[in-house]
Amino acid sequence: MFNKRLITAGLTALLIGALGACGGGSGGDTSSASGDSQSSASTAREPAPTPDTVTGLRNSVRHLAKKTTRATRPHTVTKCTPATKRVRHTSSSGTGTKKKTRTWYTTERYRKCAKVHSGTETYTRVVRRERWCVSLDDVGGDTAKDGVWYRVTRSAYDEARTADEHARVEFTPTGTGC
């Protein structure tokens with residue numbers, strides 16, 4: 001019994017140490033190797049440039065509305081029925097050759113639940129999600145890359161939409177193509 005607890009404690013300590021060394025996904029501190037960390041207030045004021053950021057001259061913008069359709073699917077409901085099960089109990093007394101074991105059974109009641117089909121239901125199925133797209137010319141300063149479409153967030157789309165034609169814009173795309 002003591003050996004199992006000792007092994008479990010050792011493995012737990014090893015796992016915590018390994019996760020701590022790898023970052024562990026705590027998501028809290030963004031310290032660098034030298035020990036200095038940035039506060040969330042300074043990070044919010046000046047977003048760090050990411051390698052995914054693209055720059056270019058605004059060509060055009062496009063908004064694709066969400067496309068939905070009505071569809072049907074099986075309707076499931078949870079149906080419960082009362083049920084019983086036989087439970088075995090044992091009790092021991094004495095030691096060595098004088099040890100006696102007494103066994104008895106009881107019936108316990110419980111509810112047995114299962115999901116069953118009960119007709120169909122209609123729902124709104126999304127055929128195409130809402131998308132905001134921006135087309136850039138001279139992507140990354142390369143004059144050969146013209147008319148490249150990028151999927152962007154709503155805020156990046158609004159900034160590009162209000163910018164002048166062929167004005168330099170910079171954003172982080174969520175995808176390519178439109």
Six-ring centre of Trp104, Arg102 cation under 6.0 angstrom, axis tolerance 45°:
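Yes, Arg102 lies over the aromatic ring of Trp104.
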Stepwise side chain to side chain contact (heavy atoms under 4.5 Å, CB included) test for Glu108 and Arg86:
CA-CA 6 Å; Glu108 288 188 0; Arg86 194 172 179 218; over 6 Å; no
Side chain to side chain, [X] and [Y], heavy atoms closer than 4.5 Å:
X: Leu57; Y: Leu136; answer: no
X: Arg88; Y: Thr103; answer: yes
X: Tyr105; Y: Val87; answer: no
X: His89; Y: Thr106; answer: yes
X: Val126; Y: Lys66; answer: yes
X: Ser92; Y: Lys99; answer: yes
X: Cys178; Y: Leu64; answer: yes
X: Val54; Y: Pro173; answer: yes

What distance do [X] atom [atom1] and [Y] atom [atom2] have between them, rounded to the nearest 0.5 Å?
X: His75; Y: His117; atom1: NE2; atom2: NE2; answer: 11.0 Å
X: Trp132; Y: Arg62; atom1: CH2; atom2: CZ; answer: 15.5 Å
X: Phe171; Y: Glu159; atom1: CZ; atom2: CD; answer: 10.5 Å
X: Asp137; Y: His166; atom1: CG; atom2: NE2; answer: 5.5 Å
X: Thr72; Y: Glu121; atom1: OG1; atom2: CD; answer: 9.5 Å
X: Arg131; Y: Arg154; atom1: CZ; atom2: CZ; answer: 15.5 Å

Any idea which heavy atoms bring [X] and [Y] closest together, and the distance?
X: Lys79; Y: Val116; answer: CB-CG2, 4.0 Å
X: Ser60; Y: Trp149; answer: OG-CH2, 3.4 Å
X: Gly177; Y: Cys133; answer: O-SG, 4.4 Å

Thr120 and Arg73: side-chain donor and acceptor closer than 3.5 Å?
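Distance-only check fails for Thr120 and Arg73.
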Taking atom CZ as the centre, does Arg128 end up with more than 12 heavy-atom neighbours from other residues, nucleotides or ligands that are less than 6.0 angstrom away?
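Counting neighbours around CZ of Arg128, more than 12 heavy atoms of other residues, nucleotides or ligands fall under 6.0 Å, so yes.
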Asp138 side chain vs Gly56 backbone, donor-acceptor pair below 3.5 Å:
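A pair under 3.5 Å: no.
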Does the Ser118 side chain pair with the main chain of Val77, one donor and one acceptor, at a distance under 3.5 Å?
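No, Ser118 side chain to Val77 backbone: no donor-acceptor pair under 3.5 Å.
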Candidate pair Arg70 and Thr124, rule side chain to side chain donor-acceptor pair (under 3.5 Å), full reasoning:
CA-CA 5 Å; Arg70 302 288 288 165; Thr124 304; 3.1 Å; yes
